[in-house]
Amino acid sequence: MLMHTEIKCVLNMFKNQFNSTDDVSVDPKFHIFRIRIRINFIDQECININSVNFVREKSKISLFQLLDVYDLLPFDNPDGGAWKQGFEISYRGDEWDQQPLEVFLVPHSHNDPGWLKTFDDYYQDQTRHILDNMLTQLSLDDRCFLKKMIWAEISYFSKWWNGIDEQKRAMVKRLVKAGQLELVTGGWVMPDEANSHYFALLDQLIEGHQWMQTHLGVKPSNGWAIDPFGHSPSMAYLLKGAGLRNMVVQRVHYAVKKHFARQQTLEFLWRQSWDSSPRSDITCHMMPFYSYDVPHTCGPNPAICCQFDFHRLAGRRVYCPWKIPPQPITEQNVQERALLLLDQYRQKSRLFRSPVLLVPLGDDFRYTESSEWEVQSTNYQKLFDYFEQHPELHVKARFGTLSDYFGALQRRLSSAGMSLPTLRGDFFTYADRDDHYWSGYFTSRPFYKRLDRVLEASLRATEILFSLTMAEIRRFHGDGLTAAGYPAREHFQKLTEARRNLALFQHHDAVTGTARDPVVIDYGNRLFHSLMNLRQVLQSSAHWLLLFDKSQYHHDQSEYFLQMVTFDPPPNFCTFLNICDYFLFCHIKFPYSSSEAPLVRVSRGPIFSDITSYFRHFTHTVRLFHMEGHAGKSLEVSNLVDIRSENNRELVMRFVSDVANGNCFYSDLNGFQMQQRRTLAKLPLQANFYPMTSSAFLQDSTSRVTLLSAQSQGVASLRPGELELVLDRRLQQDDNRGLGQGVTDNKLTPSVYHLLLEDRRGGAQVWGLRTEVGGAAVQHLSLLAHLTSLALCHPPITMVTPSNSQLLKLSHFLPLGSSLPCDVHLLNMRTLDDVPSQQVALFLHRKGFDCNSAPHPPPTCKWSAQDEVHTLIIRNSLKKLQ
């Protein structure tokens, strides 16, 4: 059986109320049980050959797979002239006579929540001034309706909001309501899309959207992801589920951009690989050129576009690398300048199907000075006025937002009877030029990638336990009341801080390992601090829940009778001088060799047996558990890596099998879905590495080898039957992308995996289901692999009572009436508002799984073989929470 994976977040629950029904429809909806918990449950869909063909034939929408594009492209990178990575663009001049060119100039300022400076330092030095200037300039009454701006990072916006008075807050609300200021995406950060797990992607999105809803009463409609190093359909799916209709992406392989530009497919409907219907589609605009800065956004010639970045006027801090500075617009030169700019607009317009053009106006930390607003708006307005005064040019240009742009785009498409093509696939691995593939960051700073997942698991456990405690307290004391002594508000503040620290680390220069040393120290301290705080909340909540006599509860942590059993962090954790990183992949490989034979330890016991090999640079353990259930059906592989004595080396772990997978293998995207990969000989080695957030597998018609991971890293299958992962990397040199240093501060880093060997028994043929959608194989983990992965990523939290303590009388606490189906994962139980709160969002994720690889004997848990799951099953499991 082949089932797809779906989850939808409860971000617009404040405006939508749905009644629960007997069955969970295949259509995504909110199903809210009439208890104090909001429940969102999305069902699976089996993919039928006939329905897929019918949809495709009826809709007449072109659909293409990115994998097929990679097979087609030569990746030869010829010189394209002014547009170095593209081609010469020509036009006749009469293309806009019937449909005038409509240009939206969108001011933006990309503010990294940490990169060369820490989050707080960036805010103090630059971001707060940018937002102050935005508020002043957009509020001016002199032609103020012409000035607009978009903003993405809610982490910064919320910090700024906390420091302004009520009068300024009212001004912000007026600007948002008037459409002059648009908050785009609405996430806490602009997250990385390769290493981040979907739990953290969703959590940072909820945190940002809840802040917007609470303080501004709005939610975003458009996504803006201009700096993540490659793009995942998992993020597109979450945005669509959160109510967004459109999105913009930028960092895509230059050869793919060139191909899309030739085909006029830079705007498309991004569809999930498993979906045969358009319900998951989101309109996506791909920027065609090298970067999101002004020289690469007005048109194909950066030397000309740079002349229209008036922040670079002579005498200012920034200059044009092409050594032709901008000119102030005057009556004497306005015609020549306007026609020069219009030529770039027209050339760029020829790459799209509609005559509506998006032209971003900004760069990193722009508009720090109020004068930049003045020179940009004043000079551009003169150009726009010239266009307006010469209708024979057939162009209308104005300042705008993404809502303005996408609204005009949809109107033009609708009036012309045109539709956008549909795309499936992901945009990894990214290359910005030549053979510079950004695959190194899939592994860089593995210590912090592992710490990220530890905090994620701890946050989930604490969220659930805290929400259950609050529900029990209300049951015990009555609605609206809290227990005396239980510090609900203090605990919620710690939860909120942990949410935001985890969210901050999803930033595309944080979890990626691409920030400077002091910045990584700051991230690490935040993560560690949150881990310690969550531990307190966990102990306190468990203490209250298990006490038979609630009056014996003490908030004093020294009096907790329950103590958590955890591993100790590395002794140098709090004093580390941390890493800064290199984006790219070093493609020189040597087999590992040691001058000394390793020390080998063999252990045997009734619970497990293992073999541990001690090498100079790593300790490698393979463990087999002697027990029933999923734990006894896989090998645990763990490493403790230390390459601090090496320079310019990467340590790789390779698995070799006899699986005849050819050049295809599968790796996961954000722990949410599997993506087929093809190893291509025409690409360099570093291009054939892909992100692996939590799983990868090789398979042929009879067998499958699945590797499950507790942390993210880069993965490849360079030869049939082989799967290899990059464990750590240490590099002395910078990558010339602005960081100014290499990776030289590696740590003693653990990594944990589970290896599954599974037979395949032709389940797709038995069930009569389709294993391809749109030309590419759609595959899922087996149910056993899902269960093993969840156990690996969410290990049990064990608490014990000290031997010298007097044991208090305990009560049983069983929140579930029965176990959930084994294909249903309780993703989170999140208290929504400030305490005391009666709103809790319960997120359930029904895992899509491949029954070709069903274990024998089958798991003892139950799952549904039907297309729909009766909510009665869920209600029965959760009846004690009502």
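Count residues from 1 along the sequence. The figures that follow rest on heavy atoms only: side chains count, while hydrogens, waters and symmetry mates do not.
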Test side chain to side chain donor-acceptor pair (under 3.5 Å) on Asp132 and Trp160; report intermediate values, then the result.
CA-CA 9 Å; Asp132 286 342; Trp160 175 71; 2.8 Å; yes
Phe672 and Tyr237: CA distance, side-chain angles, deciding distance, ring pair (Phe, Tyr, Trp, His ring centres under 6.0 Å) verdict:
CA-CA 10 Å; Phe672 186 67; Tyr237 180 85; 5.3 Å; yes
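Residues Phe199 and Leu827 share a closest heavy-atom pair of CE1-O, 3.5 Å. Closest approach of Ser695 and Leu781 over heavy atoms only: OG-CD1, 3.8 Å. Here the closest heavy-atom approach between residue Leu792 and residue Ala710 is recorded as CD2-N, 3.7 Å.
Remark: Lys159 engages Asp120 in a salt bridge, criterion side-chain N to carboxylate O under 4.0 Å. Ion pairing of Lys809 with Asp549 is absent here, as no side-chain N (NZ or NE/NH1/NH2) approaches a carboxylate O to less than 4.0 Å. Between Glu166 and Arg169 there is a salt bridge, since a side-chain N of the basic residue sits under 4.0 Å from a carboxylate O of the acidic one. With salt bridges taken as basic N to acidic carboxylate O contacts below 4.0 Å, one links Arg475 and Glu472. Between Arg526 and Asp522 a salt bridge is recorded (basic side-chain N to carboxylate O distance below 4.0 Å). Taking the charged nitrogens against the carboxylate oxygens, Asp823 and Arg846 do have a contact shorter than 4.0 Å, which makes a salt bridge.
With sequence neighbours left out, Ser467 forms a side chain to side chain donor-acceptor pair (under 3.5 Å) with Thr831. A search for side-chain contact (heavy atoms from CB on, under 4.5 Å) contacts involving Asn162 returns nothing, not counting sequence neighbours. Judged as a side-chain contact (heavy atoms from CB on, under 4.5 Å), and not counting sequence neighbours, the contacts of Pro228 are Met190, Glu193, Ala225, His231, His508.
When only modelled atom types and interatomic distance are considered, Lys219 and Gln213 share no side-chain donor-acceptor pair under 3.5 Å. Side-chain contact check for Asp509 and Thr514: at least one donor-acceptor pair (N or O, by modelled atom type) lies under 3.5 Å. Side chains of Asp192 and Thr512: a donor-acceptor N/O pair is absent below 3.5 angstrom, by distance only. Defined by atom type and a distance below 3.5 Å, a donor-acceptor pair is present between the side-chain atoms of Asp452 and Gln506. A side-chain donor-acceptor contact under 3.5 Å links His529 and Asn533. Ser709 and Gln711 share a donor-acceptor pair across their side chains, judged by distance under 3.5 Å alone. In this structure, a donor-acceptor pair under 3.5 Å is absent between the side chains of Arg489 and Gln493. Judged by distance alone, the side chains of Ser541 and His491 never bring a donor and an acceptor atom under 3.5 Å apart.
Looking at Leu183 and Pro220, their side chains never come closer than 4.5 Å, going by heavy atoms from C-beta outward. Val840 places none of its side-chain heavy atoms less than 4.5 Å from the side chain of Arg830. Contact of the Leu531 side chain with the Arg535 side chain is not registered, since no non-hydrogen atoms from C-beta on lie closer than 4.5 Å. Put simply, the side chain of Glu463 does not reach to within 4.5 Å of the side chain of Met829, judged on heavy atoms. Taking 4.5 Å as the limit, some side-chain heavy atom of Phe813 sits within range of a side-chain heavy atom of Leu468. For the pair Ser234/Gln673, a side-chain contact is recorded, criterion being any heavy-atom separation below 4.5 Å from C-beta on. Taking the side chain as every heavy atom from C-beta outward, Leu175 and Leu135 approach each other to under 4.5 Å.
Less than 6.0 angstrom separates the ring centroid of His845 from the ring centroid of Tyr198. Between Phe119 and Tyr523, the ring centre distance reaches or exceeds 6.0 Å.
By the 30° and 60° cut-offs, the orientation of the rings of Phe157 relative to Trp211 is perpendicular.
Separation of atoms CD1 (Ile282) and NZ (Lys240) is listed at 7.0 Å; rounding is to 0.5 Å. Rounded to the nearest 0.5 angstrom, Lys494 NZ and Ser530 OG are separated by 11.0 Å.
No more than 12 heavy-atom neighbours from other residues, nucleotides or ligands sit within 6.0 angstrom of CZ on Arg245.
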